[in-house]
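Structure record follows, encoded as structure tokens.
Along the sequence shown, residues carry numbers from 1.
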Amino acid sequence: MTAPIRLAFTMGDPAGIGPEITAKATRQMAELARNGLAEFIVLGSAQAMHEAELRMGLAPDDQGRPFYRMVDVGPVHTPVVTGQISAVGGEWAYRAVAKGVALVQAGEADAIVTGPLSKEALHMAGHLFEGHTEMLAHLTGQRDAVMMLAHGDMHVTHVTTHCALADVPKRITPLRLRRVFDVTHQALRTLGIENPRIAVAGLNPHCGEGGILGKEDDEIVAPVVREYADRGFSGPWPGDTVFIKLRARQYDAVVAMFHDQGHIPVKLMGFQVDPATGAWQAISGVNITLGLPILRTSVDHGTAFDIAGKGVASADSLVEAAEYAFKLIKGQRAVSAAAEVAA
């Protein structure tokens, strides 16, 4: 019998929507747990989870069983105020992620699925990381992690992420490009895409127009892309059109050069807004951290302090993140099984 997939959910900042969407998501996926296909572990504040469930009227199942195993990472003695950014919220969020990493490293979980945290709250608590990706790299001792965003069959990886735009060009090096290309190709294969088609976006407008608008695309990016041409890579292509081709399924993934170049198209596709009211109707999209010794997927949105405590936050992105974790774990298990047979 195949072992259940064990997902460790970090609730993120307990003052945000993390507890609400975690409670909703574990219930939406409850059938997987009932059928022995999954186990859900929630890391964070047990009190925040309990209060969120009470506000939303979410009870245990009809036999009084919880939908997850709760692991409280406290005590953190200062109370959390829902909807307010604070150092205590950042501390809870950090401890949950650190515990998730420890569980996977100890073989007690297969992946972590992270809820939204506030970088400001994280810094207020003394944890000076630029975001989840950098924190996970620190906790695992791996310094060259790669961020992938996914929405449906759109996949976008990033050469640089959380840094000033002025710092991007100097961070685009042949070494970094090769690292991102390697893990992008490997991830797509793990997701079941046997021969991935991967487009590389240019750094400069129109890929520099032959050096008129910048020389990085011709001198740094293009030579590395040529090295990887036999693995399905092409480019660099102008960033203002390559994502349209991705949407048209001419490619399986795009490698973006910087944070907003890759984030904007994925979020534009994944965030659904009511045109009459301007309210968000649904939030879809997944953040996947590649190149680590552990597997991590995440929601592709923030803490939404403004709607925290109202019970209206969508759990779609968290469910999608869990589904991507399932795909990746199943792919890894299939690769391992094939290697054992070959041996």
Walk me through it: do Val71 and Val42 pass the test side chain to side chain contact (heavy atoms under 4.5 Å, CB included)? CA-CA 6 Å; Val71 177; Val42 173; over 6 Å; no

Test side chain to side chain contact (heavy atoms under 4.5 Å, CB included) applied to His263 and Met147, step by step: CA-CA 10 Å; His263 277 56; Met147 178 188 293; 3.2 Å; yes

Kindly determine whether Lys245 and Arg197 satisfy side chain to side chain contact (heavy atoms under 4.5 Å, CB included), including the steps that lead there. CA-CA 11 Å; Lys245 295 180 179 180; Arg197 302 161 300 167; over 6 Å; no

Kindly indicate, with the supporting measurements, whether the criterion side chain to side chain contact (heavy atoms under 4.5 Å, CB included) is fulfilled by Thr82 and Arg55. CA-CA 12 Å; Thr82 300; Arg55 284 196 302 267; 4.1 Å; yes

Might you work through the side chain to side chain donor-acceptor pair (under 3.5 Å) test for Thr184 and Thr157, ending with a clear yes or no? CA-CA 7 Å; Thr184 300; Thr157 52; 2.9 Å; yes

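Remark: Arg178 engages Glu227 in a salt bridge, criterion side-chain N to carboxylate O under 4.0 Å. By the 4.0 Å N-to-carboxylate-O rule, Asp182 lies close enough to Arg231 to be salt-bridged with it. Between Arg249 and Asp153 there is a salt bridge, since a side-chain N of the basic residue sits under 4.0 Å from a carboxylate O of the acidic one. With salt bridges taken as basic N to acidic carboxylate O contacts below 4.0 Å, none links Asp72 and Lys99. The residues Lys327 and Glu323 are annotated as not salt-bridged, no charged nitrogen and carboxylate oxygen being separated by less than 4.0 angstrom.
If you take OG1 on Thr190 and CG on Leu295, they are separated by 9.5 Å, rounding to the nearest 0.5 Å. Within the model, atoms CD1 of Ile172 and CD of Glu216 stand 7.0 Å from one another, a figure rounded to the nearest 0.5 Å. Between the NE2 atom in His132 and the CG atom in Leu139 there is a gap of 10.0 Å [rounded to 0.5 Å]. Atoms CG and CG, from Leu165 and Asp260 in turn, are 8.0 Å apart once rounded to the nearest 0.5 Å. For the atom pair Gln84 CD and Ser118 OG, the distance stands at 12.5 Å (nearest 0.5 Å). A distance of 11.0 Å separates OG in Ser45 from CZ in Arg95, rounded to the nearest 0.5 Å.
Contact annotation: the side chain of Leu328 approaches that of Ile288 to within less than 4.5 Å [non-hydrogen atoms, C-beta and beyond]. A heavy-atom distance below 4.5 Å is found between the side chains of Ile17 and Ile307. Contact annotation: the side chain of His155 approaches that of Leu191 to within less than 4.5 Å [non-hydrogen atoms, C-beta and beyond]. Under the 4.5 Å side-chain criterion, counting only non-hydrogen atoms from C-beta, Ile21 is in contact with Pro116. Between Thr114 and Met11 there is no side-chain heavy-atom pair separated by less than 4.5 Å. Side-chain contact between Ile5 and Arg333 is present, with at least one heavy-atom pair separated by less than 4.5 Å. Counting only heavy atoms from C-beta outward, the side chains of Met135 and Val97 approach each other to under 4.5 Å. Contact annotation: the side chain of Val200 approaches that of Phe181 to within less than 4.5 Å [non-hydrogen atoms, C-beta and beyond].
Residues Tyr251 and Met154 fall within the same hydrophobic cluster, defined by Ile, Leu, Val, Met, Phe, Trp and Tyr side chains chained together at heavy-atom separations under 4.5 Å. With hydrophobic clusters built from ILVMFWY side chains whose heavy atoms lie under 4.5 angstrom apart, Leu318 shares a cluster with Met49. Residues Leu117 and Val80 do not share a hydrophobic cluster, clusters being chains of Ile/Leu/Val/Met/Phe/Trp/Tyr side chains in contact below 4.5 Å. The same ILVMFWY cluster, assembled from side-chain heavy atoms under 4.5 Å apart, contains both Ile220 and Val225. Residues Val101 and Phe40 do not share a hydrophobic cluster, defined by chaining ILVMFWY side chains whose heavy atoms lie under 4.5 Å apart.
In this pair, His162 and His259 present their aromatic rings tilted. The plane angle is within the 30 to 60° band.
Taking Phe326 as the reference, nothing meets the ring pair (Phe, Tyr, Trp, His ring centres under 6.0 Å) condition, with sequence neighbours excluded.
Judged by distance alone, with hydrogens and angles left aside, the side-chain atoms of Thr297 form a donor-acceptor pair with the main-chain N or O of Ala321 at under 3.5 Å. When atom types are taken as modelled, the side chain of Asp167 and the backbone of Cys163 share no donor-acceptor pair closer than 3.5 angstrom. For the pair Arg6 (side chain) and Gly107 (backbone), a donor-acceptor distance under 3.5 Å is present. No donor-acceptor pair closer than 3.5 Å links the side chain of Asp300 to the backbone N or O of Asn287. Listed for the Gln261 side chain is a donor-acceptor partner under 3.5 Å among the backbone atoms of Gly202. Of the possible donor and acceptor atoms, one in the side chain of Glu134 sits under 3.5 Å from a partner among the backbone N and O of Gly131. Looking at Arg27, its side chain does come within 3.5 Å of a backbone N or O of Ala59 through a donor-acceptor pair. A donor-acceptor distance shorter than 3.5 angstrom exists from the side chain of Glu20 to the backbone of Gly311, with no hydrogens or angles considered. Without hydrogens or angle criteria, Thr160 side chain to Met257 main chain gives a donor-acceptor distance under 3.5 Å. With hydrogens and angles disregarded, no donor-acceptor distance shorter than 3.5 Å links the side chain of His127 to the backbone of Tyr94.
Among all heavy-atom pairs drawn from Ala8 and Leu103, the shortest one is CB-CD1, 4.5 Å. Gly152 and Tyr324 get closest at one heavy-atom pair: O-OH, 2.6 Å. Residues Cys207 and Asp218 approach most closely at O-OD1, 4.5 Å, considering heavy atoms. Contact detail for Ala187 and Met148: the closest heavy-atom pair is CB-CE, 4.2 Å. Listed here is the closest heavy atom pair of Gly74 and Trp92: N-CZ3, 3.3 Å. The two atoms that bring Ile329 and Ala111 nearest to each other are CD1-CB, 3.8 Å, heavy atoms only.
In the hydrophobic clustering, Ile85 connects to Met124, Phe305, either directly or through intervening members, whenever side-chain heavy atoms lie under 4.5 Å apart.
Within 6.0 Å of CG in Leu175 there are 12 or fewer heavy atoms belonging to other residues, nucleotides or ligands. For NE2 of His50, the number of neighbouring non-hydrogen atoms (other residues, nucleotides, ligands) closer than 6.0 Å is 12 at most. No more than 12 heavy atoms of other residues, nucleotides or ligands shown are found within 6.0 angstrom of CD on Gln47. Around the CZ atom of Arg247, the shell of radius 6.0 Å holds no more than 12 heavy atoms that belong to other residues, nucleotides or ligands.
Shown are Arg179, Arg171, Arg176; of these, the salt bridge (Lys or Arg N to Asp or Glu O under 4.0 Å) with Asp144 is made only by Arg179.
Inspection of the Asp217 and Asn204 side chains reveals an N or O donor paired with an N or O acceptor under 3.5 Å. Between Ser298 and Arg296, the side chains place a donor N or O and an acceptor N or O closer than 3.5 Å (distance only, hydrogens not considered).
Taking the six-membered ring where the residue is Trp, the centroids of Phe129 and His138 are separated by under 6.0 Å.
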